[in-house]
Amino acid sequence: MALIALDATPLVESTGGIARYARELSLALAQEFPKDQYWLLSDQPLRDPPSGPENLRVGSGPRSPLERKWWLWGAEREMARRRIELFHGTDFAVPYLARRPSVMTVHDLSPWRGGWQPNSARIRRRTPLLLRLGMATMVITPSEAIRRAAIERFGLAADRVAAIPLAANSHFRPVRANPARPYFLFVGTLEPRKNTARVIEAWRAVRAGHEIDLVLAGRVRSDFTPPPPEHGLRVLGAVPERELPELYSGALAFVYPSLYEGFGLPVLEAMQCSTLAITSRDPAIMEVTAGAAIHVNAEDSRALAEALAAVTREPEKFNGLRARALERSRDFTWRRTAQRTREIYELARRRFGKK
């Protein structure tokens, strides 16, 4: 039996890829390793704590003014109370005192690239220092592309970093959908990095000759400028996860020409619903699709419009690619992710304290 804590702070937000990662991983770990005890720790109230096996519990937040300095004192005191043996920082952070083995997940390098994460100044300052000082015994990335980039960026030893892919929840599957009008779909946090301005531009070019809508679904981030209303464009905002399989399944294609990704979870969700994905040539996304998608240059609006037009004219021509996408999606499960993550926990325990 092991006593393991995971950073649950991503669950303060009810949507987003990192929130899904923290929720799905903790549930899968608790289910796959019932003899372990897993604690979700955060200094903030959780908006949507996962309910699952009895061996997955939510810890207490700060109990004193001193413990409000969470990463220095609060997390350490809570782990001491729970007799935690290992900590997993699910979102770029681990405690500042290395009193037990720890694992840090580095989802991507967007905080250090392109000005895409304007509110991540703390991550930009803190994470490199924690890595350089060895506060994280092991590091997890969601793809080989990010693993290589993290090793180079932070000067990490290669055997200290493991790429463990994410997965889509099992409820993402093809379902019957009868949309009133055909539509292209984007799902993801609405932010500049997702390149939705080009999606809209390409859709407009196609819509000039075809009756087809564009649906944008996802949490609107503060640095995103919503497009003005126009006929055929639907901006849904955050959509409950239970409604997404039908939204994916009913789409003529899922359009995701992201400028940069650590993994690209919405692409996998679409594939698992047997939905054709039109996406960028981002290295992490290409790892996920393994050729089971249409890839275009993310900055080439004309190429994107041509891909949308081709699918609109002859949707049945791409049925083979839809089938390949569904088959490829079966390579990813949260059970496998949990198993590989648990192996890294054991490696961190063996490596802790060794130079």
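Computation of the quantities below employed the complete heavy-atom set of this structure, encompassing side-chain atoms and omitting hydrogens, waters and symmetry-equivalent molecules.
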Query - Connected via hydrophobic side-chain network under 4.5 Å: Ile123 and Tyr96 - result: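 Yes, Ile123 connects to Tyr96 through the hydrophobic network.
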Just jot down the ring-ring contact (aromatic ring centres under 6.0 Å, His included) partners of [X], sequence neighbours excluded, or say none.
X: Phe184; value: none
X: Tyr260; value: Trp116
X: Tyr21; value: His107
X: Phe224; value: none

Check [X] against [Y] and note the closest heavy-atom contact, atom names and distance.
X: Pro257; Y: Asn195; answer: O-ND2, 2.9 Å
X: Ser258; Y: Ile285; answer: CB-CD1, 4.4 Å
X: Pro101; Y: Thr137; answer: CA-OG1, 3.5 Å
X: Ala93; Y: Leu130; answer: CA-CD1, 4.3 Å

**Report entry** Partner of Glu32 by side-chain hydrogen bond (donor to acceptor under 3.5 Å, both in side chains), out of Arg336, Gln339, Arg342
**Finding:** Gln339
Between the side chain of [X] and the main-chain N/O of [Y], is any donor-acceptor distance below 3.5 Å?
X: Thr90; Y: Ala22; answer: no
X: Glu287; Y: Glu144; answer: yes
X: Asn55; Y: Phe33; answer: yes
X: Ser102; Y: Gly89; answer: no
X: Asp108; Y: Ile146; answer: no
X: Thr337; Y: Pro165; answer: yes

Mind checking what makes side chain to side chain donor-acceptor pair (under 3.5 Å) contact with [X], not counting sequence neighbours?
X: Asn319; result: Arg322
X: Glu314; result: none
X: Ser120; result: Arg124
X: Asp7; result: Thr9

Is there side-chain contact between [X] and [Y], with heavy atoms separated by less than 4.5 Å?
X: Arg207; Y: His231; value: yes
X: Arg181; Y: Asp213; value: yes
X: Asp91; Y: Met104; value: no
X: His88; Y: Ile140; value: yes
X: Trp112; Y: Pro128; value: yes
X: Gln37; Y: Arg57; value: yes

Requested in this report: With sequence neighbours excluded, tell me which residues meet salt bridge (charged side-chain N to carboxylate O under 4.0 Å, His left out) with Arg330.
Outcome: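 Only Glu327 meet the salt bridge (charged side-chain N to carboxylate O under 4.0 Å, His left out) criterion with Arg330.
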Query raised in the report: Can you find a side-chain donor-acceptor pair between Arg63 and Ser60 that sits under 3.5 Å?
Result: yes
Out of curiosity, [X] [atom1] to [Y] [atom2], how far, rounded to the nearest 0.5 Å?
X: Leu252; Y: Leu276; atom1: CG; atom2: CG; answer: 8.0 Å
X: Leu41; Y: Ile84; atom1: CG; atom2: CD1; answer: 6.0 Å
X: Ser329; Y: Met271; atom1: OG; atom2: CE; answer: 6.0 Å

Could you pull out all residues at least two apart from [X] that satisfy side-chain contact (heavy atoms from CB on, under 4.5 Å)?
X: Ala293; value: Ala277, Thr279, Thr289, His295
X: Glu191; value: Gln117, Thr189, Arg193, Lys194, Arg221, Asp223
X: Val161; value: Val139, Thr141, Arg147, Ile151, Leu156

Is [X] salt-bridged to [Y], going by a charged N under 4.0 Å from an acidic O?
X: Arg81; Y: Glu78; result: yes
X: Arg351; Y: Asp159; result: yes
X: Arg349; Y: Glu346; result: yes
X: Glu230; Y: Arg204; result: yes

Query raised in the report: Angle class for the Tyr256/Phe186 ring planes (parallel below 30°, perpendicular above 60°, tilted otherwise)?
Result: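 Rings of Tyr256 and Phe186: parallel, as their planes differ by under 30°.
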Query raised in the report: Can you check side-chain hydrogen bond (donor to acceptor under 3.5 Å, both in side chains) on His210 and Arg313, steps first, answer last?
Result: CA-CA 9 Å; His210 304 273; Arg313 289 191 302 265; 5.3 Å; no
Requested in this report: Compute the ring centroids of Tyr183 and Trp203, then answer whether they are less than 6.0 Å apart.
Outcome: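 No, the ring of Tyr183 stays outside the 6.0 Å limit from the ring of Trp203, centre to centre.
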**Report entry** Trace of the side-chain hydrogen bond (donor to acceptor under 3.5 Å, both in side chains) decision for Ser280 with Asp282
**Finding:** CA-CA 5 Å; Ser280 65; Asp282 175 82; 5.5 Å; no
